[in-house]
Every structure is written in C-alpha cells, then in structure tokens.
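One-based numbering along the sequence shown. Ligands are counted one by one from 1 in listed order, and the atoms in each one are counted from 1 as well. Any value given below was found using the heavy atoms of this structure, including those in side chains, with hydrogens, waters and symmetry copies removed.
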Amino acid sequence: MRVLVVGGGGREHAICLALSQSAHVQKLYCAPGNGGISKVAECVDISATDIHNMVCFAKENVDFVMVAPDDPLALGMVDALEAEGVRAFGPHKAAAQLESSKAFAKGIMDKYGIPTAQYREFSDFDVAKAYIHEKGAPIVVKADGLALGKGVVVASTIEEAVDAAHTMMLDKKFGDSGNRIIIEECMTGPEVTILAFTDGKTIVPMLSSQDHKKAFTGDLGPNTGGMGAFCPSPLYTPDIARECMTKIFRPTIDAMNSEGIPFKGVIYFGLMLTPNGPRVIEYNARFGDPETQAILSMLKTDLFEIFDAVIDERLDHVDISWADGYACCVVIASGGYPEKYETGFEVSGLDMIPDDIIAFHAGTRLSDDVILTNGGRVLGITARGSSLEQAARRAYDGVDCVRFKDAYFRTDIGK
Ligand code: AMP
Ligand code: GLY
C-alpha cells in the first residue's frame with residue numbers, strides 16, 4: 001500500500017512511525033510533514049488544509065489517506081477524497097462537527113442524555129452578559145468554532161467571564177469562531193482523555209491518558225495545545241471505564257447514527273471525573289496531540305490494519321493490544337509559546353538520545369541536514385517504563401540531551 005498521512009506535528013510523527021512499521025505499508029508520504037517525519041516518510045509540500053492539491057496528489061500517488069488534524073477534517077477533506085475514489089481514514093465533515101462546533105456537540109449530548117456540563121448558547125453579547133450575571137462565577141465561556149484549543153475561558157469572576165464573551169463576540173479574537181458562544185457550568189474534578197477507534201458500529205477505547213494543558217510547571221500560565229502527556233491514567237479505573245462505555249462512548253456512537261451522520265475514525269473524549277461521575281468536557285474528531293505520542297508508542301497491533309478495518313466497518317474483527325506499563329511524553333517548546341515565539345534555531349543533541357527513547361518532532365524542519373525549530377511545540381520526547389515514574393524519568397533523560405535557543409519544558413509531566 002502507498003499511504004499518505006495529512007498533517008505535520010508530533011501526532012503525525014507518531015502515526016507515521018507506527019505506519020512505517022506496518023507490513024502493509026510499502027510507501028509512506030506525509031504532507032506537509034516535518035524534519036523528523038522526513039526520516040520515516042517522504043514529506044510532500046502541501047498544506048494540511050489545501051484540499052484541492054491534497055486530493056490531486058492522493059489520486060495520483062497513493063491508495064490510502066489518513067487525515068489527522070482537525071482543520072482538514074472540518075473542511076471536509078475525507079469527503080473530497082472519497083468523492084474522487086480515494087480511500088480515506090477520518091470522519092466526514094458532518095461528523096467532524098462533534099469537534100468543529102461546540103454547539104453541535106452540546107446539542108447531541110443534550111438530546112441523547114450524555115452527561116456534560118449544563119449550558120446555553122448565545123449569539124447576542126448583551127443576552128450572554130445578562131446570563132453571566134444571572135448565573136454568577138465560576139463559569140465557563142467557549143467560542144463555538146475551532147480556536148487552536150484557546151477558545152475556552154474558565155472564569156473565576158463575573159468580570160472575567162463578561163470580558164471573555166466580549167473578546168470572542170465583539171472583538172472577534174477567534175474570527176467567526178466566536179459569532180456563537182457557549183456558556184456553561186464550571187465542573188470540578190481531574191481530567192482524563194480517552195481516544196477511541198470507531199467504525200460507527202464498534203467502539204474500541206485506546207489506553208486512557210492525561211495531558212498537561214497549562215504552559216508552565218505546577219499547572220501555571222496560559223492554556224496550550226498540551227505540554228506533555230502520559231498513559232494509561234491511574235485515575236481511570238475499570239469501574240469508571242465501564243461507566244464511560246455505557247453512559248458516554250456507546251451513546252455517542254448511537255446518537256450520531258440516529259442523527260444519520262455515522263462517525264468513523266478516532267473520537268477524542270475529553271472527560272472530567274466529577275463527584276457526580278464522568279462527564280464530557282469536549283469531543284474532538286481526531287487523535288489528540290501530545291496524547292497520541294504516548295499512546296501509539298504502546299500499541300502492539302498493526303495500525304494500518306486498524307485503520308483499514310475502521311473504513312470497512314469490521315473493527316470487531318481486530319484484536320487491538322497494548323504493551324504493559326506506561327508511556328510519558330514531555331514537550332519541549334519554543335520560548336514564548338503559546339503566544340509569540342521565534343523559530344529557525346538549530347536543535348542539537350538529538351543524536352545523543354538513547355535508542356529506547358523516541359524524539360517525536362512537532363515543529364521542526366530539515367535544512368541542509370540540520371534540524372531547525374519551526375513551531376511552538378518543537379519536540380515530544382517519549383519513553384516507556386514499567387511504572388509511570390520510570391517512564392517519566394526516562395523521558396526526562398531524553399529531554400536532557402536536547403538543546404536549542406529559548407527552549408522550555410515543564411518539569412512535572414507525569415508527576
Ligand atoms: P476544551 O477546549 O473544551 O477542552 O477546554 C479546555 C479546558 O478548559 C479543559 O481541559 C478544562 O480544563 C477546562 N474546561 C472546559 N470546560 C469546562 C467546564 N465546563 N468546567 C470546568 N472546566 C472546563
Ligand atoms: N491535547 C489536546 C488535544 O489534542 O486537543
């Protein structure tokens with residue numbers, strides 16, 4: 001098989017590495033890819049959101065496309081590929097609304113009784129403001145559309161919540177994503193991420209995981225796309241897993257089928273383990289990043305076989321198995337991320353990293369055999385261990401090998 005992976009971050013590096021080990025994959029492309037991905041796949045210079053050129057390239061060159069990031073899924077890349085007869089992994093545009101529209105997702109949960117925070121939807125600022133005053137703080141304000149994981153404000157005061165609504169609806173900080181906002185109840189409890197493969201009939205959760213969204217050690221600073229992750233989560237007990245399957249995972253798949261928009265691909269359940277049981281914080285329509293870097297390093301089954309089975313709706317015939325122990329991924333980011341940061345700095349020390357540790361590249365590019373920084377999140381240093389402590393310690397052994405100007409990372413991932 002000739003396979004194309006769409007995307008170019010740490011998640012796509014992890015997916016490409018797993019696919020490069022598949023007995024079914026003879027040729028692997030990644031578009032646009034990055035400096036590290038170029039070691040396992042041929043990188044093609046097409047932007048992940050350039051549907052037209054991606055479809056043209058795929059038609060000519062590959063048998064199978066895996067669409068990893070949220071934007072192309074929300075834009076309907078899978079629909080466009082299929083319309084041209086190309087096999088593609090990922091949800092259709094309509095199903096990807098579980099992520100691309102928070103109002104859609106909340107509507108589904110509301111209609112089908114899937115546990116989540118109580119909410120209301122607003123398209124008028126003054127009405128939203130009045131509602132915030134009526135409900136009081138703490139309260140959560142969310143832009144409806146995609147906002148790079150930054151369109152959520154957990155406000156501890158009424159003023160902060162009103163400010164957030166103002167920024168989204170009137171200042172248009174996230175463009176049209178803020179035309180509609182959601183205001184919801186503030187839940188409490190630890191957060192766990194469950195990624196699950198689904199073909200629309202069967203749903204198979206992967207190992208549970210936790211990510212660290214805040215920029216700085218001690219859960220301080222602004223929210224990011226994720227500064228590290230580990231799996232499995234010690235908080236996610238077999239009892240909680242059973243409850244999530246019956247109250248959340250299965251009902252979500254059934255709900256999408258009842259709506260006539262079956263979901264095929266990977267669903268990301270962002271869960272909060274509240275005192276009243278697990279509840280959904282958000283859905284994503286894709287693998288999470290950096291969670292995937294930790295999770296796929298534990299996968300024993302051929303990833304291509306799973307993708308193939310999802311498309312043909314025979315996931316129930318695949319036995320998906322995982323390594324014992326734990327995995328931990330520590331992100332090394334560019335100074336200034338998630339706000340302004342510089343790129344183009346040389347990354348050194350990658351060749352010093354021991355073989356049992358994987359340096360997934362998130363934002364790098366290759367220039368004359370030199371790896372340069374090329375994004376906010378630069379590397380995801382990932383290691384396994386028989387305990388979480390050991391996996392984290394080993395990941396930090398890898399982190400210690402790497403240097404680039406203004407690099408920063410959290411020192412408490414997995415701790
Ligand atoms: P989201 O982008 O929806 O995952 O939200 C980002 C982060 O905001 C989550 O990981 C939570 O930490 C927090 N959050 C979102 N919604 C709520 C809520 N209803 N109650 C408490 N925290 C929330
Ligand atoms: N790590 C959060 C996400 O992928 O959305």
*For a side chain to side chain contact (heavy atoms under 4.5 Å, CB included) with L271, tell me which candidate from V280, L235, I240, T116 qualifies.*
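Considering V280, L235, I240, T116, a side chain to side chain contact (heavy atoms under 4.5 Å, CB included) with L271 is found only for V280.
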Notebook entry, point to check: Mind checking whether N223 has an N or O less than 3.5 Å away from an N or O of ligand 1?
Noted result: no
Geometric N/O contact M187 with ligand 1, under 3.5 angstrom:
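By distance alone, the answer is yes.
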If the cut-off is 4.0 Å to any non-hydrogen atom of [X], which atoms of ligand 2 fall inside it?
X: G288; answer: 4 (O)
X: E291; answer: 1 (N), 2 (C), 4 (O)
X: Y268; answer: 1 (N), 2 (C), 3 (C), 4 (O)
X: N284; answer: 5 (O)
X: R286; answer: 3 (C), 4 (O), 5 (O)

Query - Cation-pi geometry met for K102 and Y119 (6.0 Å, 45°) - result: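 The answer is no; the distance or angle limit is not met.
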Based purely on interatomic distance, does [X] place a nitrogen or oxygen under 3.5 Å from a nitrogen or oxygen of ligand 2?
X: K213; answer: no
X: E282; answer: no
X: G225; answer: yes

Between [atom1] on residue [X] and [atom2] on residue [Y], distance to nearest 0.5 Å:
X: I371; Y: H361; atom1: CD1; atom2: NE2; answer: 5.0 Å
X: L73; Y: L98; atom1: CG; atom2: CG; answer: 11.5 Å
X: I114; Y: F249; atom1: CD1; atom2: CZ; answer: 11.0 Å
X: E191; Y: L273; atom1: CD; atom2: CG; answer: 9.0 Å

Pull out every atom of ligand 1 sitting under 4.0 Å from any heavy atom of [X], numbered as shown with elements.
X: A117; result: 19 (N)
X: K213; result: 10 (O)
X: E185; result: 18 (C), 19 (N), 20 (N)
X: K102; result: 2 (O), 3 (O)
X: V154; result: 8 (O), 13 (C), 14 (N), 22 (N), 23 (C)
X: E191; result: 9 (C), 10 (O), 11 (C), 12 (O)

Minimum non-hydrogen distance to atom 5 (O) of ligand 1, winning option of T188, V152, D219:
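Among T188, V152, D219, the closest heavy atom to atom 5 (O) of ligand 1 comes from V152.
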- For atom NZ of K415, decide whether the heavy atoms of other residues, nucleotides or ligands shown that lie under 6.0 angstrom number more than 12.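 Enclosed.
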Identify the heavy atoms of V40 and L17 that sit nearest to each other, and give their distance.
->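 Result for this residue pair: CG1-CD1, 3.9 Å.
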Could you tell me the residue and atom name of the protein heavy atom closest to atom 4 (O) of ligand 2, and the distance to it rounded to 0.1 Å?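 Protein heavy atom with the smallest distance to atom 4 (O) of ligand 2: D289 N, 2.9 Å.
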Does even one non-hydrogen atom of G270 get within less than 4.0 Å of ligand 1? no
Exercise for the section: Check ring pair (Phe, Tyr, Trp, His ring centres under 6.0 Å) between H166 and all other residues, then give those that pass, not counting sequence neighbours. Expected result: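 H166: ring pair (Phe, Tyr, Trp, His ring centres under 6.0 Å) contacts with F125.
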Partner of F64 under ring pair (Phe, Tyr, Trp, His ring centres under 6.0 Å), picked from F89, F304, Y29, is F304
Salt bridge or not for E121 and K106, using N-O below 4.0 Å?
no
Short version for K142: what comes under 4.0 Å of ligand 1, heavy atoms counted, is side chain
Is it the case that the side chains of T343 and N374 hold a donor-acceptor pair, with the cut-off being a distance below 3.5 Å and no angle test?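 Side chains of N374 and T343: no pair found under 3.5 Å.
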